[in-house]
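The block underneath contains the structure these notes are about, expressed in structure tokens.
The figures that follow rest on heavy atoms only: side chains count, while hydrogens, waters and symmetry mates do not. What you are looking at is a predicted structure, and each value in this text was computed from that prediction instead of being measured. Chain A is the first sequence line, chain B the second, and so forth, proteins listed ahead of strands; every chain is numbered from 1.
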Protein chains: 2
Amino acid sequence: MLCVSCEARHRGVCGALTPEQLTTLAAQSIKHKATEGDELVGDAVQIHRYSNLLSGVVKLSKTLSDGRQQIVGLQFAPDFVGRPFSKESTLTAQAATDVDLCSFSRGAVERMMAQQPDLEHRLLRQTLKELDQARDWMVTLGRKTASEKMASFLLMIATNLDPAADATQRSATFDLPLLRGDIADFLGLTIETVSRQLTRLRTTGIIRIENNRHVIVDDLSRLRTCAGD
Amino acid sequence: MLCVSCEARHRGVCGALTPEQLTTLAAQSIKHKATEGDELVGDAVQIHRYSNLLSGVVKLSKTLSDGRQQIVGLQFAPDFVGRPFSKESTLTAQAATDVDLCSFSRGAVERMMAQQPDLEHRLLRQTLKELDQARDWMVTLGRKTASEKMASFLLMIATNLDPAADATQRSATFDLPLLRGDIADFLGLTIETVSRQLTRLRTTGIIRIENNRHVIVDDLSRLRTCAGD
DNA sequence: CGTGCCCTTGACCGAAATCAAGGTGGGTGG
DNA sequence: CCACCCACCTTGATTTCGGTCAAGGGCACG
């Protein structure tokens, strides 16, 4: 319940709240963990809870009737998980890695929003951020080649998971939060193509991979060259 | 200045405003027209104005450094055009058809937002709607075949341009708001593939086309079958 | 009557999908 | 402890869908 030390308090939506409101909300919040693969929001799981993502990665995906799948977004701490005002979300949110969450009931969040317009303001900002990201990714899906897609993906992960990589940092290191199949579903490719592109980047010396998960990028600018934009 | 009869007053963001606020805003608003191809927001055009789209279609697009283009969204009346709180929008908004707009200065909108939280609430809802649409389209871009993409596009246009088509309506009629090249940029295809898919749908009897622009769908359910979801 | 833009159609090509074998590593049960 | 299994990944051969290249048609406009 120590909101003061919580990341969502500083960079997330909870920053909108006054100390009293935080106390109220904290009393109604539940910190809990979910493990890789757990469904957080979906057709099955009704949307009665909203959460702040405190650690780990959440994947948002959609599935066509014949089983084809597309991951439409990734969320990182301290993102807000859950679709406000949703009729039905045709979207599934799953833990991509083990995650820590801080959850609230729908009612609690909506009461807070009513008395604290700044909360809605922060939600608007997060939603705009996600919209920008979604549109950027549409360019990747619609107009980039397989190798450009792969490079774009690695850069995206690097900037989110290696705290130092977003600056003018030269190198980056991180664990891939997704399996090959999920990467394929995110990039609109097959698992084989993902695998081939990774080995291509590896044999070119642009990345190194250890244990199939751990990636080292020695020169981010070379990777940026591959990404196409 | 007759906000009372304006569509944005009823279904758009202006519905958030009190009569007095409407009067204030109306005094600062400018109704104007733009013709096909005009750039409304972009790297060139600074973002000092926000607009309500009163009629016509606006296309939002992004361009890679080598010229590849992707249309990342279409807007229809009474959508709100312009990115609030934007640093720089890497996005270009262009009139896809001739359009009517009702524009406000950035300052006016921000003042309104400060005193009228409901305005921000409506913006949040529109943004969430656009986010949902963007994510739906990501599935189309990443996982659908050329013919499924074409069918999805026609359905999308039909539901937005033929007022009757969204219900359980059986047929639809509309003018394509985009040239073949723009359709290609929206679907992540080439102009030739778009052309071929259209003739395929035409020869199958699923659609009829007059004057290269006017489309008649006699049986929407057949088209839906083609769309894949 | 030319000229240019937009669209269509055909022939060919190539990037990524599909199909098909392995390889690797971690976990389990004998 | 070892053998087996299973999930995940890689690699190769072949196919296919959509891209590229090329030609020509229709129509508006000067």
* Without swapping roles, check the side chain of A/Arg143 against the backbone of B/Leu189 for a donor-acceptor pair under 3.5 Å. => yes
* Is any side-chain N or O of A/Asn211 closer than 4.0 Å to OP1 or OP2 of C/dT24? -> no
* Structure fact -> In whole angstroms, the gap separating P of D/dC9 from NE2 of A/His214 amounts to 17 Å
* Does any N or O in the side chain of B/Lys31 come within less than 3.5 Å of the main-chain N or O of B/Asp100, such that one atom is a donor and the other an acceptor? -> no
* **Interatomic distance, B/Ile191 CD1 vs D/dC21 C1' [rounded to whole Å]** => 14 Å
* To do: Mind calculating the distance between CZ (A/Arg180) and C1' (D/dT10) to the nearest angstrom?
  => 9 Å
* If each of A/Lys144 and B/Ser195 is mapped to the nucleotide of DNA chain C with the nearest heavy atom, which maps nearer the 5' terminus, i.e. the 5' end? -> B/Ser195
* To the nearest angstrom, how far is B/Leu198 atom CG from C/dC7 atom C1'? -> 10 Å
* **B/Leu124 side, atom CG; A/Gln126 side, atom CD - distance, nearest 0.5 Å** => 10.5 Å
* Asked: Between C/dA17 atom C1' and B/Arg143 atom CZ, what is the distance in whole Å?
  -> 11 Å
* Structure fact -> Here the distance between atom P of C/dC5 and atom CD of B/Glu36, to the nearest Å, is 14 Å
* Between A/Arg213 and B/Arg196, which has a closest nucleotide on DNA chain D that is more 5'? -> A/Arg213
* Distance in angstrom units between B/Glu192 CD and D/dA23 C1', rounded -> 12 Å
* CG of A/Asp185 to CZ of A/Arg68: how many Å apart, nearest 0.5 Å? -> 12.0 Å
* Below 4.0 angstrom from OP1 or OP2 of C/dT8, is there any side-chain N or O of B/Asn212? -> yes
* Side chains of A/Leu74 and A/Phe186: closer than 4.5 Å at any heavy-atom pair? -> yes
* Asked: For D/dT10, does either OP1 or OP2 sit under 4.0 Å from a side-chain N or O belonging to A/Thr199?
  -> no
* **D/dG19 OP1/OP2 closer than 4.0 Å to side-chain N/O of B/Thr190** => yes
* With a 4.0 Å cut-off on heavy atoms, is B/Leu189 in touch with a base, just the backbone sugar-phosphate, or nothing at all? -> sugar-phosphate
* Spacing between A/Arg200 atom CZ and D/dG12 atom P, to the nearest angstrom -> 15 Å
